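Report on the following structure.
Here is how names work: the chains are called A, B, and so on, in the same order as the sequence lines, proteins then strands, and each is numbered from 1. Computed from a predicted model, the values in this text were never measured in an experiment. Basis for what follows: all heavy atoms, side chains included, without hydrogens, waters or symmetry-related copies.
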Number of protein chains: 4
Amino acid sequence: MPKLGMEPIRKAALVEATIAEIGASGSLDVTVSQIAKRAGVSSALAHHYFGGKEQILQAGMRQVLADFGAKVRAALVASKGPRGRVDAIIAASFEVGNFRRDVVAAWLNFYVLAQTSPDASRLLVVYQRRMHSNLVYALKPLIGVRAPDVARGIAAMIDGVYIRQALHGGTPDSNGARSLVQDYLDMCLRDQA
Amino acid sequence: MPKLGMEPIRKAALVEATIAEIGASGSLDVTVSQIAKRAGVSSALAHHYFGGKEQILQAGMRQVLADFGAKVRAALVASKGPRGRVDAIIAASFEVGNFRRDVVAAWLNFYVLAQTSPDASRLLVVYQRRMHSNLVYALKPLIGVRAPDVARGIAAMIDGVYIRQALHGGTPDSNGARSLVQDYLDMCLRDQA
Amino acid sequence: MPKLGMEPIRKAALVEATIAEIGASGSLDVTVSQIAKRAGVSSALAHHYFGGKEQILQAGMRQVLADFGAKVRAALVASKGPRGRVDAIIAASFEVGNFRRDVVAAWLNFYVLAQTSPDASRLLVVYQRRMHSNLVYALKPLIGVRAPDVARGIAAMIDGVYIRQALHGGTPDSNGARSLVQDYLDMCLRDQA
Amino acid sequence: MPKLGMEPIRKAALVEATIAEIGASGSLDVTVSQIAKRAGVSSALAHHYFGGKEQILQAGMRQVLADFGAKVRAALVASKGPRGRVDAIIAASFEVGNFRRDVVAAWLNFYVLAQTSPDASRLLVVYQRRMHSNLVYALKPLIGVRAPDVARGIAAMIDGVYIRQALHGGTPDSNGARSLVQDYLDMCLRDQA
DNA sequence: AATGAATGAGGATTCATTCAT
DNA sequence: GATGAATGAATCCTCATTCAT
């Protein structure tokens, strides 16, 4: 009986290392060796478990998106009422776990990856669709037919804040980011009366 | 018979080729040879004129930012009144010359480049500052003390629309983009009353 | 519950898989993993039983030579008279079991292996010697002193037909091959009168 | 004005080195670096000029076949009458330039390469066809309708002698080889009377 | 008996960069 | 002014082999 069950452990470590490495270097030009070393394994093992660099990067991306989605879902579950739902989505987007230096850098690079890799593109599109429908579902009761447009505005603003954050080295300002978007929302709600 | 004055011509061709190549590949992983070939010269010449790949990329970036700035300035000159100035900035941002598939891809990649290269970062920061002060200057007469916040909101939304556009292959929808941001502006203006 | 007597079974399966894999790929560039997978075991087991890739390949080679030798011997036993012996050797060489696409490919590759591995070389030399002495023994009563030369001619022709077969994908033409060599033999016999 | 015209020189050196290296190692498992080093250049240059290992090997093969073909043609030109033509082909096949330790090893490995590479296969098939038609053309006046069969016999015997030579390290015995095949031819000619 | 886990060594390939002309 | 020639360094990937269980 050989040592068993290492695969999920190694894969998780490698995925985490991938995100960290992309975050640290701010680029997709990360060598498999760097990732593997950070995960404490040989680069050969990384290839063994993932098949190739492309898949390693994708796994990292999937993880970031999954983490993000999970936090949004959790926030939604804990929210109350339509307005609460929208607030929850916005808050989750800038929550400390998501709105982190390395994660933001990773996001940025995933957009770049999507330019090249259809798989990466698909993942991002799916994420965007989910975000959109979440927002629309929550906004409908509040602003009716304008929901899709406002959803688009909120989503764009969130992404914009992310990309701008990527440019500034410092610790992300979650509160500032959140209030910027929420002010927008408030205005939209006031505006309809 | 040494050709005189070839340098600016070659450099311009190389810069243009750089942008095109980044746009076409959607990535900074462009080889100097590719760029040089597109410009119709040898890669050695590219090095001769620019010193290295880093500088070539930076020149491309500078060019994109300069083009963008020039268009904004031109729009501002032709504009009338504070509101006209803001409209002009928004319109220029999504004008067909700027809001183009390859240029958008280039922008995205410059944000990535900025993660690594201090020079690139500086260029982008300067661009953002100028954009911000342009917006604030125009907004001040309209909304007074809220101008900086609204400027931030507009800028974030513009960048967000750009990055989202980078994900979708099709021809950019300038009108949709512009009206999204302008609706936001309209709301802000209405909101103060 | 340790299974007893598994070793010969596994080894046989691995040897067979080796030949099949070489035949299928037409090359010695077969990974131990491929062989092991075809045999339904882990590559570690293959090493455990054989010691290394070199030995695995050699075992495959030994098997092919042994199969060949066994068929020749069987044919000799069933043959009648000197002429019958020679015919038997030729027929056995192109018998369907030996003159098969994958086996032919394996043969070819064993000649290559012999260039590198002294062991492989020795095996082939032994095979050739046996073939030669078998032929000479059968030919002596028929053509006396010319036996060695004719044996050499027959052997060369057989090998030549094999190598040429390796080049053409189709099903080997046993009859054509056999009659080519036997015509040569007939002529030799006629020629002495 | 850069250094010019190096390409054909380098390519020739690399091709020669390829053959030598295959001959020396007796295998296609030759690294591009080995070849390049023998040719006195970097492995990068080898890739630059040939595109990849596959093409390098093929160029080597092409060269061997071309050399062989050239020698056969030269021998044919210098020959007299039908019988002279056949003799010339046989003699050229075992001429010292062709029937050399490393060249023989290269031939053997090209047959292996042909198992994998359609291009290599095509080259060998072309060579065989030419050899066959050369032989048939020369044999027709001598033995009429039997020409194709005898041509096949001669060709098979030549290839067989080659492959057997590959197994024995020593200096090839050109005379022995030639007389073996020519005895076969003599017999065929005598036999028809 | 058997295997999943793991790696070190090596190889093809790419590319920015330099240099002589 | 311009380029073909050339390379060193780096990267992805493969694979035989070992080991603990």
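Between A:Leu45 and A:Tyr49, some side-chain heavy-atom pair lies under the 4.5 Å cut-off. In this structure the side chain of D:Ile22 reaches within 4.5 angstrom of the side chain of D:Phe110, judged on heavy atoms. Using a 4.5 Å heavy-atom cutoff, the side chains of A:Tyr127 and A:Met61 are not in contact.
Heavy-atom minimum distance, A:Ser117 versus A:Gln58: OG-NE2, 3.6 Å. Nearest heavy atoms, A:Leu124 versus A:Trp107: CD2-CZ3, 3.8 Å.
Whole-Å rounding puts the A:Leu57 CG to F:dT11 P distance at 14 Å. Rounded to an integer number of Å, the gap from A:Met6 CE to E:dT7 C1' is 16 Å. Across the protein-nucleic acid pair, A:Gln55 atom CD and F:dC12 atom P stand 13 Å apart, rounded to whole Å. The nearest whole Å value for the distance from the CG atom in B:Leu45 to the C1' atom in E:dC19 is 14 Å. Atom NZ of D:Lys37 is separated from atom P of E:dG11 by 11 Å (rounded to the nearest Å).
The closest donor-acceptor contact from the side chain of C:Gln115 to the backbone of D:Ser27 lies at 3.5 Å or more, if one exists at all.
Every residue was checked against the ring-ring contact (aromatic ring centres under 6.0 Å, His included) condition with D:Phe50, not counting sequence neighbours, and none meets it. With sequence neighbours left out, the salt bridge (Lys or Arg N to Asp or Glu O under 4.0 Å) criterion links A:Arg101 to no other residue.
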Do any N or O atoms of the protein come closer than 3.5 Å to N or O atoms of nucleotides 16-18 of chain F, and which pairs are they?
residue	atom	partner	partner atom	Å
F:dA16	OP1	C:Lys53	NZ	3.0
F:dA16	OP2	C:Val32	N	3.0
F:dT17	OP2	C:His47	NE2	3.0
F:dT17	OP2	C:Lys53	N	2.9

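Within the 4.0 Å cut-off from OP1 or OP2 of F:dA5, not a single side-chain nitrogen or oxygen of D:Arg10 is found.
Positionally, the nearest nucleotide of DNA chain E for A:Val41 lies more toward the 5' end than for the other of D:Gln34 and A:Val41. Residue whose closest nucleotide on DNA chain F sits further toward the 5' end, between C:Asp29 and B:Gly40: B:Gly40.
In the set F:dA6, E:dA2, F:dA2, E:dA2 carries the atom at the smallest distance from any side-chain atom of C:Tyr49.
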* Could you provide the dot-bracket string of DNA chain E, using ( ) for intrastrand pairs, [ ] for crossing pairs and | for bases paired to another strand, with Watson-Crick or G-U pairs below 3.5 Å? => .||||||||||||||||||||
Show me the side-chain donor-acceptor pairs of residues 12-21 of chain D shorter than 3.5 Å, one per line, residues at least two apart or across chains.
residue	atom	partner	partner atom	Å
D:Thr18	OG1	D:Leu14	O	2.7
D:Glu21	OE1	D:Arg38	NE	2.4
D:Glu21	OE1	D:Arg38	NH2	3.2

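Contacts of residues 11-18 of chain C with DNA chain E (heavy atom under 4.0 Å): none.
Under a cut-off of 6.0 angstrom, the local environment of NZ in B:Lys11 is crowded, with over 12 non-hydrogen atoms contributed by other residues, nucleotides or ligands.
With C:Leu28 as reference, C:Leu113 is the one residue of C:Thr116, C:Leu108, C:Leu113 to meet the side-chain contact (heavy atoms from CB on, under 4.5 Å) rule.
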